[in-house]
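Have a look at the structure below, then the notes.
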Amino acid sequence: MTLISIEPATGQTLWTGETGDVDAAVAAARAAWSGWASKPFSVRVETMRRFANVARGKLDAFADLIARETGKPLWEARTEAEAVINKVDISVAAYADRTAQRRLEGAMGTRVAVRHKPHGVLGVLGPYNFPAHLPNGHMVPALIAGNAVVFKPSEKTPAVGEYLIGLYREAGVPEGVVGCVQGGADTGKALAGHSGLDGLLFTGSARAGLALNRQFADVPHKILALEMGGNNPIVVWDAKDLHAAAAIVVQSAYMTAGQRCTAARRLIVREGEHEALAETIVKILDRLIVDHPHATPAPYMGPVIDNDAADRLQADVLDLMGKGGRALRRLDRKVSDKPFLTPALIDVTDVEKRPDAELFGPVLQMIRVPDFDAALAEANATRYGLAASLIGGAPELYDRFWSTVRAGVINWNKPTNGAPSSAPFGGIGLSGNHRPSAYYAADYCAYPVTSSEAEAARATIGVGLADPASAAANNLEG
Ligand code: NAD
């Protein structure tokens, strides 16, 4: 099947190619992985550093391609390309920290070693919103640990996927060690279900993650790491600096045109405090530049990924309005046949049975509440559990927020998004399956092996032996 990648900002064709051969990619990886795993750790690290250097040398072209294929502003695409480079040093440190060899003293002077082994061949499925950084965030730690990787990029960003693999190739990583197979959800399913795979590292929607979880139900021996979406709350409470609070809300909800798993989706605010806050937010929204990724002056947001995504978001917002939502800023299409959307703020307090869904775009839903208990209950009114922020509030309030809210990233006076790569990153509930990524990715890329070891076999049976001179010890009648 032919895949076509369209630049969201221009509607022009950026890339065309054919669906890849999953069997061939897995076979190549199976043939290559033990050779890669048996290389000294220092050689694998050296190879990864070469990859980082190749990427550094091509930073401008790499960022340009990310901007064109995703529609995100060039300045933001550069930060993604830089994150790809920085991932190597972070993963080397994380591997040493999380999975380094340890020596313990066992009984009677026995030497006990704890070492880690790679799983073998790991599949990596990537999303479109960070088409380089997020799959790479699985690939680098997997490779450092000694696994071979078969990567399937999102069908919406095949060009960036191919480019990323090209950087590995240029750094001397052979095809079997890192392979790429292009395709859509069906190719993802085929890769996930392949008998030659030892595990799958997935970043994407909860819908696809749940399907994969079912697909892996009969193979508990295979590792499955799921990084999924969120319906993230941001609570603003007694904010002393309204402008700073509004700016943090805007950064949380609209960065990357709201196409971040950690984007704030629900703004929870005390009834009465909401007018001034909403007014301040709206003033910023009216100034946010939505434009082509390469435009001057630089835009804050580009388009969303495609017209289908824009249509779906507009339909979801219409649905909220039909159920009692009130638009403080509408989700408008700037150009009729392009997916540029204006940032929307919808008061959904009066919407009964608010859908617990991730609206993956520049839409923030505001919910007014009478007191802080209601704010906490509202923050937890989701099956997801990725990110949450409290803006304002005294330290005691933050303590309550931190201990009550269920999420893997909980911030105070900081945006919900932009978690540091040097820390673990993951969510609970529908946001993940307790395999946090980033700094803890090392944990799911290798398994621990405990070995009790001695240079020579020395052993005696100390108790329960009959005198060798006597007859059969087990003759109970005797
Ligand atoms: P998606 O789930 O549609 O696709 C992700 C990948 O999975 C793609 O490669 C796709 O082809 C493949 N896929 C889809 N359905 C599949 C199936 N049934 N079986 C096997 N493979 C399948 O996600 P997307 O729309 O590309 O990305 C956006 C989503 O990713 C959002 O929900 C966002 O919150 C989430 N996300 C999560 C994180 C995180 O770290 N938690 C980071 C970024 C994005």
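A donor-acceptor pair shorter than 3.5 Å can be found between the side chains of R260 and T256. For D356 and T382, the side-chain atoms include at least one donor-acceptor pair closer than 3.5 Å. Remark: the H294 side chain and the D64 side chain contain an N/O donor-acceptor pair separated by less than 3.5 Å. Q182 and T187 share no side-chain donor-acceptor pair at under 3.5 Å. Side-chain contact of D306 with Y128: a donor-acceptor pair under 3.5 Å is absent, judged by distance alone. At a cut-off of 3.5 Å, with distance as the only test, a side-chain donor of N53 or R56 sits close to an acceptor on the other residue.
To the nearest 0.5 Å, atoms CG (L65) and CD (E7) are separated by 9.0 Å. The distance from the CD1 atom of I268 to the CG atom of L390 is 10.5 Å, given to the nearest 0.5 Å.
Around CZ of R103, the count of heavy atoms belonging to other residues, nucleotides or ligands within 6.0 Å exceeds 12. Residue R102 qualifies as open at atom CZ: its count of foreign heavy atoms under 6.0 Å is 12 or below. For W75, the CH2 atom counts as densely surrounded, since its 6.0 Å shell holds more than 12 non-hydrogen atoms of other residues, nucleotides or ligands.
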Task: Residues F41, Y95; criterion ring pair (Phe, Tyr, Trp, His ring centres under 6.0 Å); working and verdict - done: CA-CA 10 Å; F41 176 67; Y95 184 87; 4.9 Å; yes
TODO: Any chance you could lay out the side chain to side chain donor-acceptor pair (under 3.5 Å) test for E18 and T2, step after step, and finish with the verdict?
DONE: CA-CA 5 Å; E18 296 302 312; T2 303; 2.9 Å; yes
TODO: Under the side chain to side chain donor-acceptor pair (under 3.5 Å) rule, what do N417 and S252 come out as? Steps first, then yes or no, please.
DONE: CA-CA 6 Å; N417 47 24; S252 299; 4.7 Å; no
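Residues Y300 and Y254 keep their aromatic ring centres 6.0 Å or farther apart.
Classification of the Y398-W412 ring pair by plane angle, with boundaries at 30° and 60°, yields parallel.
In this structure, E227 contributes its side chain and G426 its backbone to no donor-acceptor pair below 3.5 Å. Distance alone, capped at 3.5 Å, is enough to place a donor-acceptor pair between the S389 side chain and the K414 backbone. Between the side chain of N147 and the backbone N or O of A142 there is at least one donor-acceptor pair closer than 3.5 Å.
By the 4.0 Å N-to-carboxylate-O rule, D198 lies too far from K222 to be salt-bridged with it. The pair R111-E105 does not meet the salt-bridge criterion, since no charged nitrogen lies less than 4.0 angstrom from a carboxylate oxygen.
At a threshold of 4.5 Å between non-hydrogen side-chain atoms, the residues M301 and P73 do not count as touching.
Evaluated for a side chain to side chain donor-acceptor pair (under 3.5 Å) with Y444, the options H138, R435, H119 yield exactly one hit, H138.
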